[in-house]
There are 2 protein chains.
Amino acid sequence: MNIEPSWDFYRSFLTVLRQGSLSAAARELGLTQPTIGRHIDALEEAVGAELFIRSSNGLLPTDVALDLQPYAEMLATTAAALLRTASSQRDKVEGTVRISASEVIGIEVLPPIIADLQDAYPGLQVELSASDALEDLMNREVDIAVRMAEPQQDALLVRRIGDIPLGFHAHRRYLERHGTPQTMAELAGHRLIGFDRQTAYIRMMRKLHPLADELAYSFRTSSHLAHYTAIRAGIGIGICQTGLARPNPDLVHIMADEFEIPLGTWVAMHESLKTSPRCRVTFDALVRGLLNYIKSCKETRA
Amino acid sequence: MNIEPSWDFYRSFLTVLRQGSLSAAARELGLTQPTIGRHIDALEEAVGAELFIRSSNGLLPTDVALDLQPYAEMLATTAAALLRTASSQRDKVEGTVRISASEVIGIEVLPPIIADLQDAYPGLQVELSASDALEDLMNREVDIAVRMAEPQQDALLVRRIGDIPLGFHAHRRYLERHGTPQTMAELAGHRLIGFDRQTAYIRMMRKLHPLADELAYSFRTSSHLAHYTAIRAGIGIGICQTGLARPNPDLVHIMADEFEIPLGTWVAMHESLKTSPRCRVTFDALVRGLLNYIKSCKETRA
DNA sequence: CGATGTTCATATATTTATGTATAGCGATGC
DNA sequence: GCATCGCTATACATAAATATATGAACATCG
């Protein structure tokens with residue numbers, strides 16, 4: 001550890017970790033395989049530890065390398081955040097905004113909101129991370145997050161949107177064959193779609209409706225999105241956001257009056273970004289769009 | 001923003017920000033002024049914004065550059081953390097550990113503890129950040145922190161040490177001239193040493209002893225350390241850790257029975273570091289050393 | 001079992017980045 | 001008011017990092 005290694009070595013290191021080979025990393029970075037190889041050699045030399053076991057079909061990371069991966073990942077996200085901030089004009093709505101949202105929200109709800117936003121601001125680029133793994137606002141992995149739980153940290157600008165209503169739904173085709181249950185008890189004989197993991201959301205459901213606990217599920221998935229598409233495919237009865245089902249005439253909201261789960265929704269961003277026009281504008285558009293969405297959930301179908 | 005700039009540019013950028021000139025940054029990094037200048041040029045080109053206003057006596061950062069500084073700082077701390085982790089042997093107690101503690105603890109209490117630790121492990125390097133600004137354990141600005149408030153975040157390995165007792169102290173010389181107060185009320189006529197900023201610690205003191213609020217202070221400082229040295233210099237009566245005063249025969253603990261503030265103390269480190277022998281060993285040594293210190297605080301003087 | 005497509009390692013050529021030397025500018029001090 | 005000292009900017013020579021080309025090892029597939 002004589003002299004600090006080039007920070008570019010860390011980038012090469014991370015890329016090799018992710019790609020699994022020097023060649024693939026080289027393609028990714030627009031460099032060549034010997035170059036990446038030399039970077040890894042130099043880094044190993046600098047830290048005095050072996051980082052990869054070379055083989056003729058790739059590089060296998062050592063334990064040391066795996067220990068270092070989180071740091072390298074953070075370097076990458078920070079560098080990306082820096083670049084994002086830098087290359088956006090200060091007083092114009094331009095540049096890239098990274099948004100994080102759950103799969104369902106990100107895929108089914110946000111696109112039209114983002115489309116409107118980009119109509120208004122053609123220079124605005126949006127990166128959407130639609131995943132249920134929550135990304136860190138403090139470290140700026142994302143600029144803005146739509147969350148289903150209230151963000152606790154200070155230094156965040158948080159806006160509560162309200163509750164997205166969830167309810168039992170099924171495809172018209174399914175109901176024509178199996179009948180439409182009118183009470184929770186009648187659900188017992190039906191093909192039910194369930195979740196295969198315990199999430200906060202499921203625990204809440206059990207709390208609200210203890211009966212749900214005893215139901216037998218014939219299809220389970222950990223993905224809320226797959227859950228929704230399973231309903232749409234007529235597999236059985238499941239729970240989804242009423243606002244998703246409403247525009248689709250084939251989807252029927254079951255026991256609309258007896259059963260509803262409210263899904264609290266927040267939009268959050270780092271306070272320091274509120275002076276950034278592109279973030280400010282996107283934040284506001286998300287708030288407005290999601291408020292409209294919740295409003296539309298509660299309208300009775302035309 | 002065609003191609004991602006070299007990460008080394010960020011390092012040069014940060015160093016210029018910190019040093020205020022290309023030449024100074026070059027000296028810092030072991031490069032030359034034209035090289036750093038080219039890095040800045042290239043970075044400005046890449047992000048499409050002016051980062052510095054050049055003048056013949058240095059570089060003045062633009063607002064854009066100042067916005068980017070926190071990101072660059074984080075890159076630097078992360079790179080340092082990576083290197084620290086990498087260059088320590090996995091199964092040996094070697095390499096560098098970064099510790100954060102308050103000024104008083106870091107300067108007056110920890111050194112003997114660290115001395116013992118390094119006697120036991122000669123290969124262990126310690127970096128001590130003795131500052132009342134709290135550094136982030138999550139982002140590994142430091143590996144281990146001694147805190148006066150309970151760390152809240154998950155993913156931290158936290159050990160409560162107990163309460164460090166604080167009390168009124170004065171130099172024997174002062175008391176010989178001005179007399180020794182026996183009650184809180186008698187403090188009124190004395191030269192008192194106070195704090196010039198509101199801290200959680202002071203608010204707590206007020207809560208415990210409302211009288212303290214009405215006292216007139218003749219010397220104020222925001223630094224706890226300066227507060228302590230002011231007592232030692234005989235400026236007047238002030239509050240400090242009883243354990244600091246006890247070994248010094250010239251310092252007298254006043255109203256030992258009437259007045260005591262307990263200062264809760266915790267040692268914390270990131271959970272992922274508990275597999276690192278050097279961190280583990282240092283953590284344990286700090287816990288042990290601080291427990292001894294608290295014990296010594298409570299012993300009556302020989 | 002040989003052909004093909006991977007991979008990494010090595011030697012050589014080329015490009016790129018860096019260092020050196022110097023000039024110009026502005027502030028400070030005698 | 002001139003000398004000095006710091007800084008940046010530029011031109012040029014050099015050193016360093018890179019790409020290219022190739023060979024050897026291993027897996028996959030017909």
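Letters A, B, ... are given to chains in the order of the sequence lines, protein chains preceding strands, and every chain is numbered from 1. Side chains are part of it too, since the values below use all heavy atoms of this structure and drop only hydrogens, waters and symmetry mates.
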Checklist entry - So what does B:Ser23 hit on the nucleic acid, given a heavy-atom distance under 4.0 Å: a base, only sugar-phosphate, or nothing? => result base

Item to check | Of A:Ile36 and B:Ala24, the one whose closest DNA chain D nucleotide lies more 5' | outcome: B:Ala24

Item to check | Atom-to-atom span, CD1 of B:Ile40 to C1' of C:dA17 - whole angstrom | outcome: 16 Å

Checklist entry - Nearest of D:dT8, D:dA27, C:dG19 to any side-chain atom of B:Thr32? => result C:dG19

Checklist entry - Does the side chain of A:Ser56 get closer than 4.0 angstrom to OP1 or OP2 of C:dC8 through an N or O atom? => result no

Checklist entry - Among D:dA9, D:dC7, C:dG19, which nucleotide sits nearest the side chain of B:Arg54? => result D:dA9

Checklist entry - Which value, rounded to the nearest 0.5 Å, describes the distance between B:Met138 atom CE and A:Asn139 atom CG? => result 8.5 Å

Checklist entry - Expressed in angstrom and rounded to an integer, what is the separation of A:Leu60 atom CG from C:dT7 atom C1'? => result 14 Å

Checklist entry - Nearest of C:dA9, D:dC7, D:dA19 to any side-chain atom of A:Gln33? => result C:dA9

Checklist entry - B:Gln19 CD to D:dC7 P: how many Å, rounded? => result 10 Å

Next on the checklist: Measuring from the side chain of B:Pro34 (C-beta onward, heavy atoms only), which nucleotide among C:dA9, C:dT7, C:dT20 has the closest atom?
Outcome noted: C:dT20

Next on the checklist: What is the separation between atom CZ on A:Phe9 and atom P on D:dA16, rounded to the nearest whole Å?
Outcome noted: 13 Å

Checklist entry - C:dG26 C1' sits how many Å from B:Asn57 CG, rounded? => result 7 Å

Checklist entry - Of the nucleotides C:dC8, D:dC7, C:dG19, which one has an atom closest to the side chain of B:Leu31? => result C:dG19

Item to check | Nucleotide C:dA17, atom P - distance to CG of B:Asp41 in whole Å | outcome: 13 Å

Checklist entry - Has B:Arg27 got a side-chain N or O lying under 4.0 Å from the OP1 or OP2 atom of D:dC7? => result yes

Checklist entry - B:Leu59 CG to D:dT8 C1': how many Å, rounded? => result 8 Å

Item to check | B:His39 side-chain N/O to C:dT18 phosphate OP1/OP2 under 4.0 Å | outcome: yes

Item to check | Any donor-acceptor N/O pair, B:Glu50 side chain to B:Glu44 backbone, under 3.5 Å | outcome: no

Item to check | Check: A:Glu28 side chain, A:Val16 main-chain N or O, donor-acceptor pair, under 3.5 Å | outcome: no

Checklist entry - Which part of the nucleic acid, if any, lies within reach of B:Gly58 when heavy atoms closer than 4.0 Å are counted: base, sugar-phosphate only, or nothing? => result sugar-phosphate

Checklist entry - Whole-Å distance between D:dC7 P and B:Leu22 CG? => result 10 Å

Next on the checklist: Is it the case that the side chain of B:Thr62 and the backbone of B:Leu51 share a donor-acceptor pair, with hydrogens and angles ignored and the cut-off at 3.5 Å?
Outcome noted: yes

Checklist entry - Which nucleotide in the set C:dT18, D:dA19, C:dC8 lies at the smallest distance from any side-chain heavy atom of B:Arg38? => result C:dT18

Item to check | Crowding at CG, A:Asp119 (>12 non-hydrogen neighbours, <6.0 Å) | outcome: yes

